[in-house]
Amino acid sequence: MTNMEKTLDTKTQRALEEAHQWLILMEDPEKTIEEETRFKQWLNADDLNANMYDRAVTVKAAVSTLTPPDIDEDLRWMPSPTRHENMIVRFWRSVSNTDKRLVFGGAFATIALLILAISTLQDYSSDVPQKSIVVHYESDIGETKTIELIDGTVVTLGAKSAISTAFTQERRVVNLIEGSAYFDVVSDVTRPFSVKTDDLIAKAVGTSFDVRNSAGIYRVAVEEGRVEVGYPIIIDGKSTTIIEKQVLNVGQGIAASQSEGLQAVTALDISAIAAWREGRFVYSGASVSEFVGDVNRYSSVPIRISDQYPEMKTLKISGVFLSRDAEQLLLQLTDIHPIKIDRTDPSFIMLSLKTGGN
């Protein structure tokens, strides 16, 4: 039983069941005018009815639109200490038994596919240690490191970044655990190359692209070739297991976050892609939170944003920052926004907003 089921009282349970019944009826092309009128009366009779109907629509749409590509095969091979369940299991467990039972009428074939996929994924999991070659790489604070993977792909790790690789005969998967990495991928059409960072995954065959993970903001930028980027659709501030996908061509980038999901594809200056390799940090409407996340990779003393000024995190910055020195980067930030740097506590640097008297 899920947490959602535990909190359903009798009235809510009844409204949810009625909502699914109305959903099926309203999709019937032979429904009558009288039935449409009764449905509108039921919908307007109680806010709970409207809320449960929205929930029924969301669940049915989610289940019926899942397709085999959404069950990402890379997840079968990617070892991750923070993710013990594959995406499809998480989705199925998040849906209440009432929703599962009532949605069968519109998506029985899809649900059968999901059950088959779950058993397949569980069978695969036992093969991971024997079939994959797993290697871990990381860089220190302020360090940029170049690595050649076993397939010949060259990876440039940004400061204080870490990756792990899981290569098999069928696929090449890299997990960007933190930070940034630029990939110059050796082409192998028989083994696609994928980079996963939390819920975002970028797939390529032979290409050059940049992937960044900073303060919960994920970015992919393509310098050469094509990359397919996938990220879960966000509903009511929570990730679903329906994957939205976008294809990036040369000179294009995309961002994703837990709060906003996968954003629109944007055009980029090629020279700005992975400019961090040359000590240049290029931002276009990035948040201060993301900027501080990047600067922390060059600072031996942790930099924090004061909890008294949460609005600071969403302040936007644009421009080119020409330094790998954390102190200089912070000073450049104070030139853009009224931000105060506080070093009272030697164990960390606190950022806050300047007020009238400061």
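Hydrogens, waters and symmetry mates are skipped; everything else that's a heavy atom, side chains included, is used.
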Colleague: Output yes when a side-chain donor or acceptor of Asn296 lies under 3.5 Å from a complementary backbone atom of Ile303, and no otherwise.
Modeller: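 At least one qualifying donor-acceptor pair exists.
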
Colleague: State plainly whether one hydrophobic cluster holds both Phe348 and Ile141, where clusters connect Ile, Leu, Val, Met, Phe, Trp and Tyr through side-chain heavy atoms under 4.5 angstrom apart.
Modeller: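 Different clusters: Phe348 never reaches Ile141 through Ile, Leu, Val, Met, Phe, Trp or Tyr contacts under 4.5 Å.
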
Colleague: Give a yes or no answer on whether the side chain of Ser139 reaches the backbone of Ser161 with a donor-acceptor pair at less than 3.5 Å.
Modeller: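 Checked: pair present.
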
Colleague: Verify the neighbour count for atom CD of Glu34: are there more than 12 heavy atoms of other residues, nucleotides or ligands below 6.0 Å?
Modeller: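 Check fails, neighbour count at 12 or below.
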
Colleague: Hydrophobic clustering (ILVMFWY, side-chain heavy atoms < 4.5 Å, transitive) - are Leu262 and Val222 grouped together?
Modeller: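 Same cluster: Val222 reaches Leu262 through Ile, Leu, Val, Met, Phe, Trp or Tyr contacts under 4.5 Å.
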
Colleague: Looking at Glu35, is its backbone amide N or carbonyl O close enough to the side chain of Thr37 to form a donor-acceptor pair, meaning the two atoms are under 3.5 Å apart?
Modeller: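 Here the side-chain-to-backbone pair does not exist.
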
Colleague: Please tell me whether Met350 and Leu333 are part of a single hydrophobic cluster in this structure, the criterion being side-chain heavy atoms less than 4.5 Å apart.
Modeller: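 Shared cluster, no.
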
Colleague: Among the clusters formed by ILVMFWY side chains lying less than 4.5 Å apart, do Leu200 and Val247 turn up in the same one?
Modeller: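 In one cluster with Leu200: Val247, no.
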
Colleague: Determine whether Asn213 and Glu178 satisfy the following criterion, side-chain contact (heavy atoms from CB on, under 4.5 Å), listing intermediate values before the conclusion.
Modeller: CA-CA 6 Å; Asn213 176 348; Glu178 63 172 330; 5.6 Å; no

Colleague: Kindly say whether Ser271 contributes a backbone atom to a donor-acceptor pair with the side chain of Arg280 at under 3.5 angstrom?
Modeller: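 Yes, Arg280 side chain to Ser271 backbone: donor-acceptor pair under 3.5 Å.
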
Colleague: What's the separation between atom CZ in Arg304 and atom OG in Ser347, rounded to the nearest 0.5 Å?
Modeller: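 That separation rounds to 6.0 Å.
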
Colleague: If we ignore hydrogens and angles and just use 3.5 Å, is the side chain of Ser318 paired with the main-chain N or O of Gly285 as donor and acceptor?
Modeller: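 The answer is yes, because a donor-acceptor pair under 3.5 Å joins these two groups.
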
Colleague: Please determine whether side-chain contact (heavy atoms from CB on, under 4.5 Å) holds for the pair Arg191 and Asp151, giving the CA-CA distance in whole Å, both sets of side-chain angles, and the decisive distance to 0.1 Å.
Modeller: CA-CA 10 Å; Arg191 289 201 304 166; Asp151 68 331; 3.8 Å; yes

Colleague: Decide yes or no for Val135 and Phe167: does some side-chain heavy atom of the first lie under 4.5 Å from some side-chain heavy atom of the second?
Modeller: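 They are not in side-chain contact.
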
Colleague: Which other residues belong to the hydrophobic cluster containing Ile33, where Ile, Leu, Val, Met, Phe, Trp and Tyr are joined when side-chain heavy atoms lie under 4.5 Å apart, directly or via other members?
Modeller: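 Answer for Ile33: none, a lone residue.
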
Colleague: Can a donor-acceptor pair be found, under 3.5 Å and without considering hydrogens, that links the side chain of Lys40 to the backbone of Trp42?
Modeller: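 Here the side-chain-to-backbone pair does not exist.
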
Colleague: When you compare the side chain of Leu351 with that of Leu330, does any pair of heavy atoms fall below 4.5 Å?
Modeller: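 In contact.
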
Colleague: Is there a side-chain contact between His337 and Ile317 (heavy atoms, below 4.5 Å)?
Modeller: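 Side-chain contact under 4.5 Å: yes.
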
Colleague: Flag yes if more than 12 heavy atoms outside Asp307 fall under 6.0 Å of its CG atom; otherwise flag no.
Modeller: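 Counting neighbours around CG of Asp307, 12 or fewer heavy atoms of other residues, nucleotides or ligands fall under 6.0 Å, so no.
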
Colleague: In terms of relative ring orientation, are Tyr231 and Tyr218 parallel, tilted or perpendicular, with 30° and 60° separating the classes?
Modeller: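 Tilted: the ring planes of Tyr231 and Tyr218 meet at 30° to 60°.
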
Colleague: Is any NZ, NE, NH1 or NH2 atom of the basic residue among Arg212 and Asp294 found under 4.0 Å from an Asp or Glu carboxylate oxygen of the other?
Modeller: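 Looking at Arg212 and Asp294, the cut-off is met.
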
Colleague: Side-chain heavy atoms under 4.5 angstrom apart, residues restricted to Ile, Leu, Val, Met, Phe, Trp, Tyr: same cluster for Val155 and Val186?
Modeller: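 Unlinked, Val155 and Val186 end up in two clusters.
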
Colleague: Would you mind reporting whether Val174 and Phe193 have side-chain heavy atoms less than 4.5 Å apart?
Modeller: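 A side-chain contact exists here, since the closest heavy-atom pair is under 4.5 Å.
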
Colleague: Between Ser257 and Gly216 (side chain of the first, backbone of the second, donor and acceptor by atom type, cut-off under 3.5 Å), is there such a pair?
Modeller: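 Answer holds: no.
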
Colleague: Heavy-atom distance under 4.5 Å between the side chains of His136 and Ile177, does that happen here?
Modeller: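 Yes. Closest side-chain heavy atoms under 4.5 Å.
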
Colleague: What I'd like to find out is whether the side chain of Trp276 reaches to under 4.5 Å of the side chain of Thr156, using heavy atoms alone.
Modeller: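 Side chain of Trp276 against side chain of Thr156, heavy atoms only: contact under 4.5 Å found.
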
Colleague: Mind checking the OH-CG spacing from Tyr182 to Leu157? Nearest 0.5 Å is all I need.
Modeller: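 Those atoms lie 14.0 Å apart.
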
Colleague: Just wondering, are more than 12 heavy atoms of other shown residues or ligands nearer than 6.0 Å to CZ in Arg226?
Modeller: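 Count not over threshold, so no.
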
Colleague: Taking side chain as C-beta onward, heavy atoms only, is Ile339 less than 4.5 Å from Met312?
Modeller: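 Yes - at least one pair of side-chain heavy atoms lies under 4.5 Å apart.
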
Colleague: Relative to the ring of Tyr283, is the ring of Phe321 parallel (under 30°), tilted (30 to 60°) or perpendicular (over 60°)?
Modeller: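 Ring orientation, 0 to 90° scale: perpendicular.
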
Colleague: Determine, stepwise, if the pair Leu322 / Gln332 fulfils side-chain contact (heavy atoms from CB on, under 4.5 Å).
Modeller: CA-CA 9 Å; Leu322 303 175; Gln332 291 177 60; 5.5 Å; no

Colleague: Output the distance between atom CG (Asn49) and atom CG (Asn44), rounded to the nearest 0.5 Å.
Modeller: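 Going from the CG atom of Asn49 to the CG atom of Asn44 covers 9.5 Å.
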
Colleague: Please verify the inter-ring angle class for Phe39 with Trp22; under 30° counts as parallel, over 60° as perpendicular, anything in between as tilted.
Modeller: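 It falls in the tilted class, 30° to 60°.
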
Colleague: Hey, could you give me the CD/CD1 distance between Gln252 and Ile270, rounded to the nearest 0.5 Å?
Modeller: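 Taking CD in Gln252 and CD1 in Ile270, the distance rounds to 9.5 Å.
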
Colleague: Any side-chain to backbone donor/acceptor pair from Asp325 onto Gln328? Under 3.5 Å, distance only.
Modeller: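 Yes, Asp325 side chain to Gln328 backbone: donor-acceptor pair under 3.5 Å.
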
Colleague: What's the verdict on side-chain contact (heavy atoms from CB on, under 4.5 Å) for Gln258 and Ile234, showing C-alpha distance, side-chain angles and the deciding distance?
Modeller: CA-CA 7 Å; Gln258 175 67 37; Ile234 306 299; 4.1 Å; yes

Colleague: For Glu290, does its backbone N or O pair with a side-chain atom of Ser214 as donor and acceptor, under 3.5 Å?
Modeller: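 Yes; judged by distance alone, with no hydrogens or angles, the pair exists.
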
Colleague: Do the side chain of Lys145 and the main chain of Glu138 share a donor and acceptor less than 3.5 angstrom apart?
Modeller: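 Between the backbone of Glu138 and the side chain of Lys145 there is a qualifying donor-acceptor contact (under 3.5 Å).
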
Colleague: Please report the shortest heavy-atom distance between Ile305 and Ser289, naming the atom on each side.
Modeller: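 Result for this residue pair: CD1-CA, 4.0 Å.
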
Colleague: How many angstroms lie between NZ in Lys203 and CZ in Arg172, if you round to the nearest 0.5 Å?
Modeller: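 Lys203 atom NZ to Arg172 atom CZ measures 13.0 Å (nearest 0.5 Å).
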
Colleague: How far does CD1 of Ile254 sit from CG of Leu268, to the nearest 0.5 angstrom?
Modeller: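 Here the interatomic distance stands at 10.5 Å.
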
Colleague: When you compare the side chain of Leu315 with that of Ser287, does any pair of heavy atoms fall below 4.5 Å?
Modeller: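 The answer is no; the side chains never approach within 4.5 Å.
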
